[in-house]
Every structure is written in structure tokens, then in C-alpha cells.
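Take a look at the structure below.
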Amino acid sequence: MSEAGAIPELKAIVGAVLFASRAPVTVDRLVQVFHQAAERIGGIAAGFAQVGREEVAAAIEQVRADLAAAGIGLRIAEVAHGYRLESDPACGPWVRVHLDRMRPQRLSPPALETLAIIAYRQPVTRAEIEAVRGVAVDQILRNLLDLQLIRVTGRSDLPGRPWLFGTTQRFLEHFGLNRIEDLPGVDELRRREAQVAAPDGCGAGLAEKPPAEVAALAAGSAAETREAMGHDAG
Amino acid sequence: MSEAGAIPELKAIVGAVLFASRAPVTVDRLVQVFHQAAERIGGIAAGFAQVGREEVAAAIEQVRADLAAAGIGLRIAEVAHGYRLESDPACGPWVRVHLDRMRPQRLSPPALETLAIIAYRQPVTRAEIEAVRGVAVDQILRNLLDLQLIRVTGRSDLPGRPWLFGTTQRFLEHFGLNRIEDLPGVDELRRREAQVAAPDGCGAGLAEKPPAEVAALAAGSAAETREAMGHDAG
Amino acid sequence: MPLAERDYQVRLEVFEGPLDLLLYLIRREELNIYDIPIERITAQYLDYLDMMQMLDLSIAGEFLVMAATLMMIKSRMLLPPEKRAATVEDEEEADPRWDLVRRLVEYKKFKDAARFLEQLERRQSDVFTRHEVVEPGAEVPVGPPTLADVSIFDLLGAFQAALKRIGAHEDLREIFAERFTVGEKIDELLERLREQGEVSVTRLFERMRSRHEIVVTFLAMLELIRLQQIEAVQRGTFGEIVIRPTADAGVSVGAASDE
């Protein structure tokens, strides 16, 4: 590979930045990096002063294609409005053995439900969440805040000015979602007034009409992943 | 790339493990991972029960060659008797520009004061903080929550059950403190903050007697940046 | 019927609420959510409430509020429809169950949404990013103590079945002959799981000869779940529940988490 000092290709820079980055990186951010580097560093970096969104997007696609072709256990995923270099899930079991983390970290069902309510209804107050769940969610909210899956987004105008909660960037990363709109049935679940008009209207929930995504997940990778992890063997 | 559930190639597993690993990985460790996975997980992992040193070494060489051919800014390096996936040093300048943004921002004086009140009085309600500062702290609290320097630790028994705030692990890291008991006065916090914001600026107030923690922090973050960027940093 | 002697206080916080219990009962009895037989569901709901109180689980006040609501609906159902309609302005609101149905249906949608999140999470648990191991918060326990894939109500269902069986032929002499403590049962359970890997909950209770032993064993089981030493999993909806050691139970803390 190129020596230090040689002029790297656009594609190589994009790959290196994605690799070194803690969080998913957007196309805009990459464009900004090229411009800032040209400005601050000059020299070879000045050669990329004119790089635009299309070139960067094309470079990401190249890296994605190259990784797929190489089959070295890495891939580019679109997560949380950006791009992320991550390991192939098929290799997950071995990575887990290496990291000595046999049990995948997972949230409890009540935590997931609370998170679902926040994800669909955000910004939402604690009282609204409790109205839906029918039980106090103090402890769960605290845990979700600790895990940085939710955050306080502001305060409501309601009496007592209660805090409003919303999901975080890390929420998207944790679930491998690109945008909150990628959640199935967002429109339907978003607000209470919009639904539950009549008994027959209520029936059309997620259970009866699963979006293609849900069906695919349920049928395919989830079951296989579970098997691959030896979930039932342990 | 392969779906979860499909049997990945040896090469892919090696690549994924190198990618997810923080420290360099030895051939022996990789062999051990294959054997342990075969034993503990069984199923598809059992297919690699007989993998030996030669095969693993060959797989690493393949990953190395594939990465070199792809030119996507990544490479395999031999470090500390092991192998490490790292970014191409030629791409270092851009990686550095990108990571620059990740460096902690300096806090405003009102934010520092609010933080000091929380640090000393924790757990503390918003009303208590406002009583001390004599001014609304809504926006500041929100920012501090966003920066993960404070968190909601619970709820008070007072009327309206207001949230209680406390400092986080990141608070300690940010100020180079070992424990909350090591807290200095507000002025000292301010000096530490200056030190954090300008690591190579020979910390203004700390010049007299730099605490060991701050020195360690400065050294640590430099090392981390170097690691992320490959060899030519620093 | 509180437990006479408490050698060991089991504090399992129940994060599920009354709506979860109702949905569980509706699902188990294969009832139409829009036409709930209120008398039957109320009786079953109160049974579960009794069990939870007997086990001294820290149940929320909302459970009692819901019990009162159910009984109120039940009494209003006894009125002829014309009379009911007269008390409410809206014709649609004439069915006293309607408000409850609306809440249940809405909540069920979020439960389904949560299942989708769970699928995503499961898929993501095999995906690693480079900074995975150094992310702050990696040490944070994952949410509240979890019952893994089984709800507290599934476990209570198995417990209830065991109590019913013993109720028929409990040998009174046995009760006075044997005293068990939760601590002993915890050791016994762990020992058995070490030998057998996993144990069916039904089978576990089958060998027991007294109410006392079943209650104490159940408490031991809950405690081990809370401590994340064991987990309960269910084979299919309302399938057999088995308990097994968690994958990392007993693994020494502080072992190298990465090379």
C-alpha cells in the first residue's frame, strides 16, 4: 500500500476515515473533512479542495463494493444518517468468543416497550408513557438514559413543565437503523388522536399486517442468527 | 456479503476479529478462537474445529493482500507479536481533521458553575441549582446532558417528584479526575478545563503543579489519537 | 396467604404492569380483545394478583387500581344496555369495557413494535464496530433485571399449575416434616443445573410434595433470575418453560474482555 507522503486516493481516505471514526459518518461530514484539510494543511491535501458530495458518495460505494468483493468480514452499513464500517454479522459468533462476550447484550421486554413508545411518540413525557404502559417507568427511564438510548429533549408546556424524552443517535446505532422513519408503522403509531377511532380501525395494528421488513426479519436472519449463536444449545 | 446464518469463510472471520479487536491479535489467539467457538457454540462453528496455525497465517496474508489490492485506506500491520488492522498512514492528515471535532469543547463559565453545583451537591434538583445560581438553568442542563457530563440519577421525594441530577463517568474523564472526592474548587475546575481544551498548550493554571491525573489524561488522549491514525501521528 | 417464615427476602421488581397481565390472559385464553368475557378475566386477574401478593413481589399500585376497574366494569355490565346508555352521553361509550379495550389495543401495538426492535437488536448483536470495546457505558448493565424471553406472568402460570396439582393431594404430614429455605433451594437449583444444563419448570415442580416446597423453589428461581445467574426461556408461545444458567454465569469478573 502507499507510503506515507504519497498522495492517497479519495477512496482510500474515505475508507480510513470511516475506519477511524467512532460514530457513523455522513457524506456532508466527509466533504467538510476534505475542505478543512485542504485549508488547514494545504500541500497534498489541497488537491482535494474541490471534492463534492457526488464524488464522496461514489467513493463510499466503491469502498462498499470492494469490501463485498474481498470477503474479509467487513462491510459498510447505513446507520444513524451516516455510514459505518462494521463486521459481517455472519462472523459474529467468533468475534464474540474473541471478545469473551458470549451472551449478546439485550434489553428486557419492558425496556424495549418503553423505548418503542418513546421512539414513536417523541417528544413524549413520562406521564404519557405511563398512560400507555399502565405502570410506572421511572426505573426503566433511568436505565435507558444511562445507556444513552434516550435523552431529555426539552420540557413540555404542560403544568409542572415535565421533561420530554426522545431517542438518541445511539438508539439508531444500537438497532442498526438509518432514520427513525425506518421503524415500521411510524405514521400509525405516532399520535393517539390519529388512531383508535373505532373498534375495527384498531385491528389493523402491527400484528395483523406486518411490514415486509418485520416479516423478513422474523423469517430469516433472526431465527438463523439465534441458531448460529447456539442460543438453544447453551 | 454473506447474510447472517450463512457459513462465513475463514478469511472473513479473521478479518472481522482483527477489526473488532482493540489490541493486536496473534495467530495462536486466532487458532484458539476457532477451537473455543467450535466447542462452545458448535453448529456451523464446529466446521472450524481443526483449523491450525498455517491456515490462520495464510488467511491473514490473504486479508493483507486483499486490502492492499482494494486500496481502501486499510492495512494489516504486524505489531507487538500480533496483527492489527489499521488505517493507511498516508490518509493520516484527513483522519486527524475528522477526529479533531471529537475533541471535547470548552465549556462556558455558566456551564462550569452549574456543573460545579451539581458535582458538589449531587444528587440535586433543578430548583436547587437555580436557587444557588439565581437564574434558570434549563438550557444549560440540557447541554450538559447532551454532553453526557451529567445524568438523571433519580427522582426526589419533593412535591412534583422532580428529577435529580448527578455527574457521570465522562465528567471525571473530562476533568481528569480519578474520583468525585478528588474534586477541587470551581477555579481549579476552570483551569483543568483549559488544560483539557488545549492539551499541548502547556496548561495555564496547571503549570505550577500538574496533578498526575491530568498528565495521564493528556498522555492518554495523545496515545489514543495516535493509535486511531496509524503511525505517522505525533 | 403470606409466607409464614421468610428466611430470605426476594425482591423482584416487576416491570410489567396490569395491562401486560390482561394481554397475557387474553392471549392465553385465546379471547377476542373486543369482546372480553369480563367475569372470567376478572377472576383470573385476581388469581394472579393473589399469587403475586403471596410471593410478596413488589407489585405496583396500578395492579390494584386495575382490579377495582375490572370489578366496576363487571358491575356495570350487569345493567341492561338501555340504562347504561342513559348514563353516558355517547352511544359508542355504552359498553363499559370500551375504555379498557382502547387502552389494551393501543398498548398491544407498542408491544408489537417492541418485538420489532427486539429482532433488530438480535440482528445487531452480531455486528461489531471497531470501537465496540472501548465505548463508554460498555460496562453498564443492560437495563433492568430481565426475565430473558419469558414474562413474569408465564412463570406465574407454571407456578399456578403446580399449586393446583398439589392442591388435590397435598400430604399434610409432609408439610410439617419438611422445611425448606430459599437459600437451600438456590444451592439445590444451581447444583441441578450444573449437572443437567437445563431443567423444565414443570418437571422441576413435579417432584415436589408440598405447597411450601413449591413456593420456596419458585422464590429461589426468581432470585436467581434477578441475579442473572439463570434465565428462563420458552419454546414457542405458551410452550414449555426451561431454566438454564446464563452463558456468563460464574465467569470470573475481570477476566480479559479483549486480548
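Heavy-atom distances place both the backbone and the side chain of A:F34 under 4.5 Å from chain B. Residue contact with chain A, scored on non-hydrogen atoms closer than 4.5 Å, is absent for B:R64. Using a 4.5 Å cut-off between heavy atoms, A:T153 contacts chain B through its backbone alone, with no side-chain atom that close. Heavy-atom distances place both the backbone and the side chain of B:I13 under 4.5 Å from chain A. For a residue to count as touching a neighbouring chain, one of its non-hydrogen atoms must lie under 4.5 Å from one of that chain's; by this rule B:L10 does not touch chain A. At a 4.5 Å heavy-atom cutoff, A:V14 makes no contact with chain B through either its backbone or its side chain.
Atom CD1 in A:I150 sits 5.0 Å away from atom CG in A:L141 (nearest 0.5 Å).
Annotation: maximal heavy-atom pairing with chain A below 4.5 Å, among B:V33, B:D66, B:V63, occurs at B:V33. Between chain A and the residues B:Q62, B:Q139, B:Q36, B:R126, the largest count of heavy-atom pairs under 4.5 Å involves B:R126. With chain A as partner, the option from B:A65, B:A59, B:G154 having the largest number of non-hydrogen pairs under 4.5 angstrom is B:G154. Ranked by non-hydrogen atom pairs under 4.5 Å with chain A, the options B:L85, B:L145, B:L18 are led by B:L85.
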B:R84/B:E86 under salt bridge (charged side-chain N to carboxylate O under 4.0 Å, His left out): CA gap, chis, key distance, verdict: CA-CA 6 Å; B:R84 178 170 76 184; B:E86 58 179 36; 3.0 Å; yes
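A 4.5 Å side-chain heavy-atom check between A:L115 and A:F175 finds at least one atom pair inside the cut-off.
Remark: B:R133 CZ is packed, more than 12 non-hydrogen atoms of other residues, nucleotides or ligands lying under 6.0 Å away.
A donor-acceptor pair under 3.5 Å links the side-chain atoms of A:R29 to the main chain of B:H98, judged by distance alone. With B:E130 contributing its side chain and B:V137 its backbone, the two residues share a donor-acceptor pair below 3.5 Å. When atom types are taken as modelled, the side chain of A:Q122 and the backbone of A:T167 share a donor-acceptor pair closer than 3.5 angstrom.
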